Amino acid sequence: MNKATAVITAVGKYVPDYILTNKELESMVETNDEWITSRTGIKERRILKGDNKGTSFLAIKSAEDLIAKKKLDPKEIELVIVATASPDMQAASTASFVAANIGATNAFAFDLDSACSSFLYGMSVASSFIESGRYKKVLLIGADKCSSMIDYTDRTTCIIFGDGAGAILFEPNKDGFGLIDEYLRTDGFGREFLKVAAGGSLLPLSEENIDKKLNFIKQDGKTVFKNAVFNMTDSSERIIKNNNLTLDDISWLVPHQANKRIIEAVGRRMNLEASKVMVNIQKYGNTTSATLPLLLADYESQLKKGDKLIFTAFGGGFSWGSIYLKWGYNS
Ligand code: UT7
């Protein structure tokens with residue numbers, strides 16, 4: 001009997017209504033549409049407004065979208081993983097609140113964080129639970145309220161990030177569809193280059209470090225850029241070689257959306273046709289854990305059963321990698 005693989009059987013998404021345009025950013029910081037567009041490819045991003053709404057709000061909406069589209073009984077879900085770098089609280093987990101609110105009353109739930117690689121790593125974790133035979137329905141959500149970590153007076157970061165969420169369902173498959181292989185890596189010496197320094201156990205929030213704005217995302221953009229291009233290309237090429245694939249075999253590259261120039265550079269270095277590279281950064285900016293599932297949701301109608309997808313991401317940690325997955329359905 002063939003070993004079961006973990007296949008994606010449904011996709012859902014949610015982005016907040018409020019659109020923060022480059023034009024509006026021009027009134028907030030010293031920047032302009034031409035600079036943002038040419039340096040990042042971003043035209044607008046979504047921002048979650050209103051009191052008492054955290055990352056769970058985004059995650060719940062994206063899961064509800066998936067549940068409605070799939071006509072899924074949430075009681076059948078056995079595990080809910082929320083990949084996020086902006087949990088509702090330090091404790092308890094965002095995932096437990098999400099599971100309760102979507103009616104996944106028979107599931108256990110936990111959060112998973114590895115900055116912009118959270119969802120990619122989440123795919124590895126979620127699919128392992130399926131491959132082991134232990135569970136048959138695992139819901140993986142990537143959600144981030146990045147606006148909660150942004151200093152809207154810092155032009156080097158506020159133009160990049162946005163809020164959003166996407167959800168996927170993994171189920172077992174005996175016909176060879178789903179997650180086939182992965183190449184995942186971290187390098188902890190990279191953490192100095194991309195971080196929110198305060199708010200954790202190392203530097204708990206205090207008046208002093210809030211005054212120093214250490215509760216916001218800070219990055220050395222150029223170092224992150226170079227490492228992202230090199231490692232996303234390297235891990236994708238390794239996974240292609242390890243699985244004896246040619247570029248013609250690849251249907252889609254599904255890259256983390258941090259900067260359009262990074263995405264294009266990775267595609268170029270791999271010699272992959274630009275038409276095979278998924279891009280939606282112009283609409284949402286960098287939504288951290290939500291970029292990969294938002295791509296799947298936006299491209300779902302173009303995906304065909306048997307399509308060979310290479311997912312790749314790079315983020316804080318540093319953390320990065322690539323996953324090879326065979327798409328399992330026509331929509
Ligand atoms: O998901 C993983 C997380 N993040 C990333 O992957 C991000 C990786 N890095 C990047 O995307 C890019 O490095 C940035 C978009 C952050 C910056 O682009 P860059 O081409 O590396 O620009 P830079 O930092 O070298 O800045 C060039 C100039 C500077 O002015 P001077 O020193 O040349 O006079 C900046 O002060 O552009 C200036 N600048 C801006 N100008 C207008 C920086 N931000 C802005 C801005 N508007 N928003």
Side-chain angles (χ1 to χ4, degrees), residues 20-45 83-86 113-122 142-147 149-164 166 184-187 190-197 216-236 254-267 269 278-282 284-295 311-322:
L20 176 59
T21 61
N22 290 351
K23 188 94 203 130
E24 186 177 351
L25 282 164
E26 285 179 11
S27 68
M28 295 160 64
V29 288
E30 186 65 42
T31 191
N32 57 75
D33 176 51
E34 199 281 323
W35 192 96
I36 302 172
T37 307
S38 63
R39 297 291 180 120
T40 69
I42 302 166
K43 295 301 278 184
E44 56 190 44
R45 61 294 288 141
T84 184
S86 53
D113 175 19
S114 193
C116 289
S117 302
S118 301
F119 192 84
L120 188 81
Y121 288 7
D144 268 304
K145 186 183 171 185
C146 296
S147 60
M149 305 183 285
I150 294 296
D151 172 6
Y152 282 94
T153 65
D154 176 3
R155 69 175 182 174
T156 68
T157 52
C158 73
I159 55 135
I160 297 172
F161 292 93
D163 302 337
L184 306 176
R185 288 293 180 272
T186 48
D187 174 6
R191 86 167 172 180
E192 288 312 308
F193 300 106
L194 175 52
K195 63 182 174 184
V196 178
F216 294 126
I217 293 179
K218 285 271 179 315
Q219 67 170 339
D220 174 344
K222 281 206 185 316
T223 303
V224 176
F225 190 110
K226 275 190 233 154
N227 280 276
V229 172
F230 178 83
N231 287 304
M232 287 166 76
T233 308
D234 181 64
S235 54
S236 299
V254 192
H256 172 54
Q257 307 281 295
N259 184 320
K260 192 156 183 244
R261 284 159 51 220
I262 296 178
I263 300 163
E264 287 172 350
V266 172
R269 286 184 182 204
M278 292 188 185
V279 183
N280 62 6
I281 192 171
Q282 69 282 1
Y284 310 130
N286 181 350
T287 54
T288 304
S289 311
T291 60
L292 299 183
L294 282 175
L295 283 172
F311 294 77
T312 186
F314 181 89
F318 289 141
S319 57
W320 71 93
S322 293

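None of the values given here were measured: they were computed from a predicted structure. All ligand and atom numbering here is 1-based and tracks the order in the structure.
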Determine whether any protein heavy atom is located less than 4.0 Å from [atom].
| atom | answer |
| --- | --- |
| atom 43 (C) of ligand 1 | yes |
| atom 25 (O) of ligand 1 | yes |
| atom 37 (O) of ligand 1 | yes |
| atom 31 (P) of ligand 1 | no |

Inset, instruction - Apply side-chain hydrogen bond (donor to acceptor under 3.5 Å, both in side chains) to T84 and D144, showing your working. - result: CA-CA 6 Å; T84 184; D144 268 304; 3.0 Å; yes
Legend entry - Residue selection (non-hydrogen contact nearest atom 12 (C) of ligand 1) among T287, N259, T291: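 Residue with the shortest heavy-atom distance to the ligand atom: N259.
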Inset, instruction - Select the closest option to atom 2 (C) of ligand 1 among C116, S117, G317, judged by heavy-atom distance. - result: C116
Inset, instruction - Just let me know how T157 lines up against ligand 1, side chain, backbone, both or neither, with a heavy-atom cut-off below 4.0 Å. - result: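 Answer for T157: neither.
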Inset, instruction - Measure I262 to ligand 1 on non-hydrogen atoms and call it side chain, backbone, both or neither using the 4.0 Å cut-off. - result: side chain
Can you pull out the closest protein heavy atom to [atom]? Residue, atom name and distance to 0.1 Å, please.
| atom | value |
| --- | --- |
| atom 7 (C) of ligand 1 | Q219 OE1, 3.5 Å |
| atom 17 (C) of ligand 1 | W35 CH2, 4.0 Å |
| atom 20 (O) of ligand 1 | R39 NH1, 2.8 Å |

Inset, instruction - Inspect the surroundings of NZ in K260 and state if more than 12 heavy atoms from other residues, nucleotides or ligands are less than 6.0 Å away. - result: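 No, not enclosed.
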Legend entry - Test item: S86 side-chain N/O and K145 main-chain N/O as donor-acceptor pair under 3.5 Å: yes
Inset, instruction - Give a yes/no verdict on whether any heavy atom in I160 is under 4.0 Å from an atom of ligand 1. - result: yes
Inset, instruction - Would you check, one step at a time, whether the test side-chain contact (heavy atoms from CB on, under 4.5 Å) holds for S147 with Y152? - result: CA-CA 9 Å; S147 60; Y152 282 94; 3.3 Å; yes
Legend entry - Interatomic distance, F314 atom CZ to D234 atom CG [nearest 0.5 angstrom]: 11.5 Å
Inset, instruction - State which residue, out of L20, I36, N22, fulfils the side chain to side chain contact (heavy atoms under 4.5 Å, CB included) condition with I159. - result: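 The option that passes is I36.
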Considering both backbone and side-chain atoms of [X], is one of its nitrogen or oxygen atoms within less than 3.5 Å of a nitrogen or oxygen in ligand 1?
| X | value |
| --- | --- |
| T40 | no |
| N286 | yes |
| G221 | yes |

